[in-house]
Amino acid sequence: MLRLLGAVVVVSVLASGACAQKTAAAQSTPLITPPKLIRFVEAPHPEADGEEPVGAVVELDIVVGKDGLVTEVSVARSAGESFDEAALAAARQFVFEPARKDWEPIASRIRYRYVFELKAPPEEMTTGWLSGTILLAEDDSAARPVAIEIANERGELVRDLVSGSNGTFVATDLEPGKYEVNVLGGEYGDLEVEEEIVAGQVTQVIYRLGAKKRAAYRGFGETAVVDAPPREVVKRTIDKEELTRIPGTRGDALRAVELLPGVARPPFGIGLLIVRGAAPQDSESFIDGIPVPLIYHFGGLTSVYNSYMLEKSDCYPGNCSVRYGRRTGGILEVTTRDPARDRVHGVAEISVIDTFVTVEAPLTDKISISGGLRRSLLDLILPAVIPSDSDIGVRQYPVYIDYQFKLNFRPTKRDRVRISAYGSNDRFELVLDEAGGDDPAIRGDTQLGTSFYNNQIDWTRRVGEKVDQELTFNVGPSKIKFQLGDAFLVDGTFIQTYGRGEWRYQITDKVRLIAGLDVYTAPINFVYIGGQPGPSEGAGSQAGSLAGQDQVFADVDTTWFRPGVYLESGMKLGKVTELILGLRMDYFGDINAFTVDPRLTTIFTVAKDMRVKLGVGVFSQPPELQESEASIGNPNLDPIKAVHLGAGWEYDALPGARFGVEGFYKYLWDRAIATPNGEAPFYVTGGIGRIYGAEFSINIRPATGRHYFGYLSYTLSRSERKDGPLQPWRLFDFDQTHIMTAAFVYNFPRNWEIGGTVRLVSGNPNTPVIGSIYDALNDVYIPIDGRVNTLRNPLFHQLDIRIQKKWIFEGWKLAVFLDVRNVYNQQNQEGIIFNYDFSQQTPLLGLPIIPSLGIRGEL
Amino acid sequence: MRRVLISVVLCLVIGCSESFLPAWAVTDLRVVAAVVEVEGQPGRARPDSEDDIEVSLLVIDQGAPPSDIPEIPALTPPLLEWSFVACVPAPTLIGPPICRDLIQPCDGCVGPSPEDPFAFPVIRFQVPSEAELDSVQATSVVVQGAICADGPPSTDSILRFILGETDDLNPCEDPNNEGRFVSVKIPIEVTPQDPNLNPEISAVELNGRSWPPPYDQGVPRTAPRTGCKTDLDAITEQERADHPVAGSSASSINLRVTPDSLQSYIAGEMTLTEEMQVSWLTDGGDLERTFSFITDLARSVLTHWLPFPDAPEDGLLVRFTFVIRDGRGGTDWVERGLCVLPGPSVESPP
């Protein structure tokens, strides 16, 4: 015990030392990219009566909208009325690539020098040009490349062009006369116009696609307001344009999170969130700031919130803000999209896995609503697969349902109120007439059911010019029931009540202060029957029958009370450095313990396209329920602690490509570890861990248009645990040394979209079973594990593709998609299966090729 | 818990591997049951403190081929050697039992005795006193050790593993010998006034009729796997016909237990009735399943056995072993045999 205490003290000192290195702070400005002129319009040279033409320079102030078009233009320095008017007229037709702030387009004001040069008189031309720009009517952004057919009056095709990535095109040397221009706008519809070409002139046109046929779903809906500024060293975002388009995810937004750097691949793709070597229970998922008990339906097939109702998902792999507490791993924050305010929209989709429908509409100028409902179709398919003469009686085939409802209310310009309700219900019930296979315990009623129903209200208010307030409250029950005959039962009900208040005060231009309070309470009723729960991680092979285990019984009736307060200040120190200091304090009523977690983040903007970030912070987490519950665990455990060290570098090396490198180190202490042989008090505080690695990423997003995007990421890491002072270091259950992911999606003409995802990942560790002992009382064999996690599954590799074709109709559109997981049917090993006495073993293979064909209509 | 849930659901959804032989297929040396009897109290399965008890192990194997040496008969199972300890276990909830205090003397813990080299393990010892058991909060005693064919067991292999010296875990000194680690947990009786009794198999029927002789009471250890045809000469035509032939359809096997086998007992505040777990084992053909359960008033359970498609002319002897357990320490077993002859030949048309 003394040795244990010593280790804890040493670790604490180390952590304190790490924190003590917080020094000066700095401050940063966001990464600003100025607008870039992509379409210049030449002004006619003013002719002065009786005077020789002269050169001139007019200085203009131009306001460029975030769509790249000129919204305002005025003369800053005149060169004479005629020159001014000519320059103003020309400049109004300019098209820019908009300025960007951290990749997001923003409006900007620039000073532009319009120079009138004297040129030699051109030779008399006998032909004319047609020069134009193709924009999207929805937001006047440049359309992606489209085909343009130009036919003469006789109907002969004289030009067949493709517009550039910035939407521009030019047809030279056209004979004077009338032409029919046909723009094949794909999903935005075709456009037919007639133009007249005059010899010696350039006919300049702007075509806007989709004015009538536009039905693109993405792009409408409000954006979140009063967003908190970034406070993390690393925040990885998938925005709504990409959420549903990543191959291998069946269009599910949250499955795409697995492709981000630092996120490990869960076995079978079952949807566990494994971030930077942290156990799944060490990370947490939030929907609109509220923790949710589960984010995926069982099997990880689909997430519980409809992807078409999401705005974005942010993954914080480490060093997250003090806004987030009670976890030592990563955070997944899912932001839902506000309902559309322009008109009624909807989406309906059916595939072999499930079907859903969403609807959203404005009710008044200030109120809009949205709703969605999804149901799986597995229960309609499986009866045809399971033989009717089987010993397996199916009481309830696997079925999941989720729903979403959201009401947005803007009573004033300063206020926004959102009321939402969402939930999920999964059920699966079998009746095994006889013992299945070689395990006598697997028989009788087998049930798996999970559900949660969250009801939430949040009110965002701009209290003053410098103060924003956000209040959120949520309440809803969660249930889990998992039963294997009489041998195993988990039956629990949690009623989660969660409230958060946050106030953000911009004290000066350079100093920001955030204060927050969040309270998590949960009355819990929980029954457990089964073998003594082992450690939640590092438990070895976990092979063997339930029949040979001594049963324990727990009937828990308790209430978790976990309040937390946090304070954070952001300061800009000069033009280069931004310093974010945070402090979070938590109380865990279930173990009667307080924690204080200081955190520090610095962001150095070393160049306009390069930033360096550093972060260090302490994180705390309560033990799991089975670890701290008195009947099967130890209520005297300490909170688990971790210190995160991170350093990141971002560089916009090329337009549309951002490079990033992040290094991280995490040290864990006070982990709950199981006692030898499961003896009372079952768990003690004393485990430690270390996780270190580096993440390399390239995000490809076009500077203009949205006709392709991609991710390339590679993570090199090692995650280890030590289960007591005398134990050796061992690998974490999901340690994956190498994680390489490449995803790319491209929009082809005629509304075809094709994408692929390639993954190369180190196999998960596994524990060898080196023998067995025959248990004569129960007629089963008890496996004997070798050293924990000393073997590793072979390299995992997989290719997923997604092909989609859309058709645009009047007011709506139709899409057919094929999402194929594991295209070349690679038999990846996910685990090991043993025979009845553990003398033989064979690989447990992962999922085979899974094609999913679906059809979707969008209004 | 999370991994258990995931594994089970995945197995149910995608199906577990079927590439292994099922547990009912006897292909090598197996210990399949241990019957505990309390001296002087016939039928009792659970001892009280200070009771003298006898633990009998049933060891089986795939039928041995005929011996090449006439003087040395084929033995199924082969000659056995074992080394066990009787002990009071440490309070563990995970993994195999761990001995805390050895119980001595232990008669038959090491065997066989020189007087009877063909004997099966029968271990006798006295359960410690109530005070000794209470002092370590023990609710059971344990017999634990290894048994090997044709050679001595290696009693220190587990110890070597625990010390981290090796990842090998071989129960026998000669790794080429077949062997098994065995653990017999013997619960101490908690209701001496209403003790748990060993259940009893009352009958085993084949295709609805009595099991046909000559293996209706068991199979001699010296009976070789082939050549059983001559054993059928002494029985009637009808009894011979009751032996399924190779390639025939599945036969039903009905196992009955005595009415008293399913005892009622009190657990906590509830009165429960035992469920009888039946283990089906054979060294030839295909059994329908490994485990069945008797829970109904009929006190019987049915399964099916499918003969192999072909058999030698002089017959193939198939051994069956059926074990019942009441889940509280009570056990009974029976052994049966069938001589399977080739099926009728089908004349091909000229």
Side-chain angles (χ1 to χ4, degrees), chain A residues 267-268 270 280-281 298-299 391 398 428 430 434-435 437-440 442-443 446 448 482 484 488 490 530-534 536 539 542 546 549-550 552 626 674 677-680 682 733 768 770-779 782 784 786-787 831 833-837 840 842 844 847, chain B residues 1-14 16-17 19-24 28 30-34 57 90-98 143-144 157-158 161 164 167-171 180-187 277 279 288-293 323 325 327 329 331:
Chain A
F268 294 101
I270 52 177
Q281 63 270 20
F298 51 46
D391 285 337
F428 180 30
L430 297 175
E434 294 290 349
D438 299 329
D439 190 344
I442 307 294
R443 69 187 186 97
T446 296
L448 174 61
F482 179 40
L484 285 174
F488 187 86
V490 172
Q532 172 63 35
S536 54
Q542 296 196 43
L546 290 169
Q549 300 182 18
D550 286 328
V552 297
Q626 73 273 16
N677 309 312
E679 295 179 45
F682 313 116
D733 278 352
I770 61 171
S772 65
I773 294 181
Y774 177 68
D775 172 6
L777 179 66
N778 298 289
D779 199 19
I782 304 171
I784 298 175
R787 295 180 181 85
I833 302 174
F834 299 92
N835 71 336
Y836 68 93
D837 65 352
Q840 299 173 39
T842 189
L844 174 60
L847 298 175
Chain B
M1 187 170 71
R2 187 191 296 261
R3 190 183 283 191
V4 170
L5 187 152
I6 290 165
S7 303
V8 171
V9 172
L10 285 173
C11 281
L12 292 172
V13 171
I14 66 175
C16 295
S17 170
S19 59
F20 299 120
L21 280 175
W24 53 253
D28 55 1
R30 303 262 290 268
V31 178
V32 293
L57 300 185
T92 64
L93 287 172
I94 297 174
I98 295 173
V143 172
Q144 203 152 248
S157 58
I158 294 180
F161 161 70
D167 278 347
D168 294 329
L169 190 61
N170 199 308
R180 295 283 180 180
F181 289 107
V182 180
S183 177
V184 184
K185 185 177 177 181
I186 304 164
Q277 175 182 318
S279 302
E288 192 175 21
R289 56 175 56 94
T290 300
F291 298 106
S292 294
F293 289 84
V323 183
R325 290 175 171 81
T331 303

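Residue numbers begin at 1 in each chain, while the letters A, B, ... track the order of the sequences. As a basis for the values below, the full set of heavy atoms in this structure was taken, side chains included, without hydrogen atoms, waters or symmetry mates.
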Could you tell me if the side chain of A:I833 sits less than 4.5 Å from the side chain of B:F20, heavy atoms only? yes

Less than 4.5 Å to any heavy atom of chain B: does that hold for the side chain of A:Y774, its backbone, both, or neither? both

Just verifying a value: how many Å separate B:F291 CZ and A:D779 CG, rounded to the nearest 0.5 Å? 4.5 Å

Quick one: closest heavy-atom pair of A:E679 and B:P91, and the distance? CG-O, 2.9 Å

Would you compute the distance between atom CG of A:L777 and atom OG1 of B:T331 and round it to the nearest 0.5 angstrom? 7.0 Å

Honestly, the part of A:F834 sitting under 4.5 Å from a heavy atom of chain B is backbone

Distance in Å, A:D837 CG paired with B:R30 CZ, rounded so as to fall on 0.5 Å steps: 7.0 Å

So how far is it from B:R325 CZ to A:N778 CG, rounded to the nearest 0.5 Å? 8.0 Å

Closest heavy-atom pair and its distance - A:Y836, B:L21: CD2-O, 4.1 Å

Structural part of B:I186 lying under 4.5 Å from a heavy atom of chain A: neither

